[in-house]
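When a residue number appears, it is its place in the shown sequence, counting from 1. Because only heavy atoms are used, hydrogens play no part in the values below, and waters and symmetry mates are left out as well, while side chains stay in.
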Amino acid sequence: MNVIESSGLGKCYHGTWALRDCTLAVPEGHMVALVGPNGAGKTTLLNLVVGLAAASAGKVTVLGGFDTGSLVALDGIAFVAQDTPLYKNLSVADMLHVTRNLNSRFDQRYAEVRLNELGVPLNRQVGNLSGGQQAQLALTLALSRRPRLLVMDEPMSSLDPLARHDFMATVMTAMADDGVSVVLSSHVLAELERVADFLVLLSLGSVQVAGEVEDLLAGHRVLTGPATEADTFANRFGVVHATRGDAQAHLLVRTNGNTDPIPPGFEAHPVSLEELTLAYLRAPDVSWLPGPANARPAEATEVAK
Ligand code: ATP
């Protein structure tokens with residue numbers, strides 16, 4: 001089952017496309033990292049997925065083909081928005097009470113046990129909690145609804161490294177215990193590398209790369225060798241990003257099953273998720289390469305299943 005499936009999805013604000021032609025299929029059971037520079041369209045895509053915005057073009061369905069506004073979708077998806085929307089004047093206990101009343105399913109015991117473990121006092125006013133505690137409270141409220149899909153927009157931006165670690169540990173536990181699928185937008189690439197097994201990379205409102213991390217890493221290599229020989233690759237591999245010094249060139253290439261031998265003098269290295277992501281996010285610098293490699297920029301690598 002695909003927890004998210006979109007086809008030609010687009011959102012236009014006042015004549016400008018914030019997201020366009022987004023075709024994706026995200027299978028259940030994944031931790032999906034949604035990455036992209038500021039303004040890439042991440043929040044727009046997440047708002048469309050959770051039904052907070054209406055599409056200007058195309059279609060998106062969730063949880064195996066349901067419309068985003070449907071009862072199944074409303075019941076099965078929990079959203080932690082970028083600005084951690086909580087009622088700051090309420091106590092934590094009252095916040096639980098309000099959330100319980102607004103949802104058909106709310107696991108009060110789970111919420112209380114978890115907040116106790118985190119040392120978040122139920123009688124504390126929400127506005128007096130630290131940024132990290134507020135983020136943990138928002139996550140606890142979301143998970144207490146026992147969702148099938150948890151969507152989070154930059155949930156860790158206010159957290160210190162230890163709090164981030166604890167936050168992600170809670171998410172991973174929910175995935176392991178309850179089979180929750182997770183979509184998480186973040187700028188912290190190193191952290192995503194540790195937890196994400198599916199990547200969606202947005203840039204300028206378009207999907208540049210989407211697929212299982214394992215497949216993406218297997219389909220790319222870093223090639224290092226003499227700068228003078230670098231154009232050998234131009235017609236054989238898709239060059240995603242290249243840097244060239246006087247003597248050496250480093251090329252991050254899409255091999256995608258290409259089994260041609262690497263030319264003498266070159267070394268091939270596996271690529272990390274962070275390297276791969278940065279290569280696609282950077283403006284491509286392949287102008288010194290001849291041929292098709294030079295024409296790369298807009299071509300999307302869709303490995304979505
Ligand atoms: P960030 O990482 O900075 O949060 P993002 O990838 O989440 O960025 P979006 O917030 O989706 O990007 O914005 C994508 C584009 O759409 C931006 O150019 C933004 O200015 C525009 N945009 C988003 N929401 C609106 C809106 N309600 N009205 C007009 N333009 C909007």
Side-chain angles (χ1 to χ4, degrees), residues 1-5 25-34 45-52 60-87 90-122 126 129 132-156 159 163-186 195-198:
M1 181 196 67
N2 289 325
V3 285
I4 301 173
E5 199 161 333
V26 178
E28 67 181 328
H30 285 288
M31 163 78 77
V32 181
L34 176 60
L45 174 59
L46 295 182
N47 283 342
L48 290 165
V49 165
V50 300
L52 285 177
V60 58
T61 58
V62 291
L63 301 175
F66 290 92
D67 287 337
T68 51
S70 64
L71 276 180
V72 173
L74 293 174
D75 198 45
I77 300 178
F79 183 43
V80 179
Q82 200 164 21
D83 46 4
T84 328
L86 297 166
Y87 295 109
L90 296 185
S91 68
V92 173
D94 287 342
M95 195 71 228
L96 296 189
H97 183 76
V98 168
T99 312
R100 188 171 69 235
N101 285 347
L102 288 174
N103 291 282
S104 60
R105 203 172 44 225
F106 187 82
D107 191 336
Q108 178 81 16
R109 189 175 147 64
Y110 170 88
E112 287 179 4
V113 167
R114 195 175 138 57
L115 291 172
N116 184 40
E117 281 169 4
L118 291 163
V120 177
L122 292 182
V126 171
L129 296 175
Q133 288 174 321
Q134 291 189 26
Q136 287 283 13
L137 175 59
L139 176 62
T140 301
L141 294 172
L143 288 175
S144 301
R145 294 183 46 218
R146 298 294 186 196
R148 293 163 63 198
L149 173 62
L150 174 66
V151 178
M152 298 185 284
D153 193 0
E154 288 279 346
M156 297 184 286
L159 304 188
R164 276 189 196 149
H165 188 273
D166 292 347
F167 186 97
M168 285 315 298
T170 305
V171 175
M172 302 300 279
T173 303
M175 287 186 78
D177 291 352
D178 301 335
V180 183
S181 303
V182 177
V183 179
L184 165 74
S185 85
S186 178
V195 294
D197 58 0
F198 198 101

Worksheet item: Does Leu63 reach the side chain of Val3, with side-chain heavy atoms less than 4.5 Å apart?
Response: yes
Worksheet entry | 4.5 Å side-chain heavy-atom contact, Leu86 and Leu129 | no
Worksheet item: Under 4.5 Å between any side-chain heavy atoms of Leu48 and Thr68, yes or no?
Response: no
Fill in: Test item: Ser185 side-chain N/O and Glu154 main-chain N/O as donor-acceptor pair under 3.5 Å
yes
Discussion item. Quick one, Gln136 with Thr170, criterion side chain to side chain contact (heavy atoms under 4.5 Å, CB included). Give me CA distance, side-chain angles, the key distance, then yes/no.
Written reply: CA-CA 9 Å; Gln136 287 283 13; Thr170 305; 4.1 Å; yes
Worksheet item: Which atom pair, heavy atoms only, marks the closest approach of Ala135 to Leu159?
Response: CB-CD2, 3.7 Å
Worksheet item: Between CE of Met156 and CG of Asp166, what distance do you get to the nearest 0.5 Å?
Response: 11.5 Å
Worksheet entry | Step-by-step side chain to side chain contact (heavy atoms under 4.5 Å, CB included) determination, Glu28 to Arg148 | CA-CA 9 Å; Glu28 67 181 328; Arg148 293 163 63 198; 5.8 Å; no
Practice prompt. Check step by step if side chain to side chain contact (heavy atoms under 4.5 Å, CB included) holds for Val92 and Gln133.
Written response: CA-CA 11 Å; Val92 173; Gln133 288 174 321; over 6 Å; no
Item to complete: Evaluate side chain to side chain contact (heavy atoms under 4.5 Å, CB included) for Val62 paired with Val49, printing each intermediate quantity in order.
Response: CA-CA 7 Å; Val62 291; Val49 165; 4.1 Å; yes
Worksheet item: Any idea which heavy atoms bring Val171 and Met31 closest together, and the distance?
Response: CG1-CE, 3.7 Å
Discussion item. Rounded at 0.5 Å granularity, tell me how far OG1 in Thr61 sits from CG in Asp67.
Written reply: 7.5 Å
Worksheet item: Is any side-chain heavy atom of Arg146 closer than 4.5 Å to a side-chain heavy atom of Asn103?
Response: no
Worksheet entry | Gap separating the CG atom of Asn101 from the CG atom of Asp94, nearest 0.5 angstrom | 10.5 Å
Item to complete: Compare all side-chain heavy atoms of Leu118 with those of Thr140 and state whether any distance is below 4.5 angstrom.
Response: yes
Practice prompt. Can you establish whether the number of heavy atoms outside Leu71 located under 6.0 Å from its atom CG is more than 12?
Written response: no
Fill in: Leu139 vs Met152 side-chain heavy atoms within contact, under 4.5 Å
yes
Practice prompt. List the atom of Phe198, the atom of Pro27, and the distance in Å for their closest heavy-atom pair.
Written response: CE1-CD, 3.6 Å
Item to complete: Mind listing the closest non-hydrogen atom pair of Val180 and Met175 along with its distance?
Response: O-CG, 3.3 Å
Please table the atom pairs, donor to acceptor, closer than 3.5 Å between any side-chain atom in residues 74-82 and protein atoms at least two apart or in another chain.
residue, atom, partner, partner atom, Å
Asp75, OD1, Ser104, OG, 3.1
Asp75, OD2, Arg105, NH1, 3.3

Fill in: Inter-residue atom distance Leu122.CG - Asn116.CG, 0.5 Å rounding
7.5 Å
Discussion item. Determine whether a donor-acceptor pair (N or O, by modelled atom type, separation under 3.5 Å) exists between the side chain of Asp107 and the backbone of Tyr110.
Written reply: yes
Discussion item. Would you compute the distance between atom CD1 of Ile4 and atom NE2 of His30 and round it to the nearest 0.5 angstrom?
Written reply: 11.5 Å
Worksheet item: In Å and rounded to the nearest 0.5 Å, what is the OG1 to CG distance from Thr99 to Leu137?
Response: 7.5 Å
Worksheet item: Is there a donor-acceptor contact under 3.5 Å from the side chain of Gln134 to the main chain of Val126?
Response: yes
Fill in: More than 12 heavy atoms from other groups under 6.0 Å of CZ on Phe106
yes
Practice prompt. Can you sort out the partners of Ser70 under side-chain hydrogen bond (donor to acceptor under 3.5 Å, both in side chains), two or more places apart, ordered by chain and number?
Written response: none
Worksheet item: Where is the tightest heavy-atom contact between Pro147 and Ala142, given as atom of each residue plus distance?
Response: CD-O, 3.4 Å
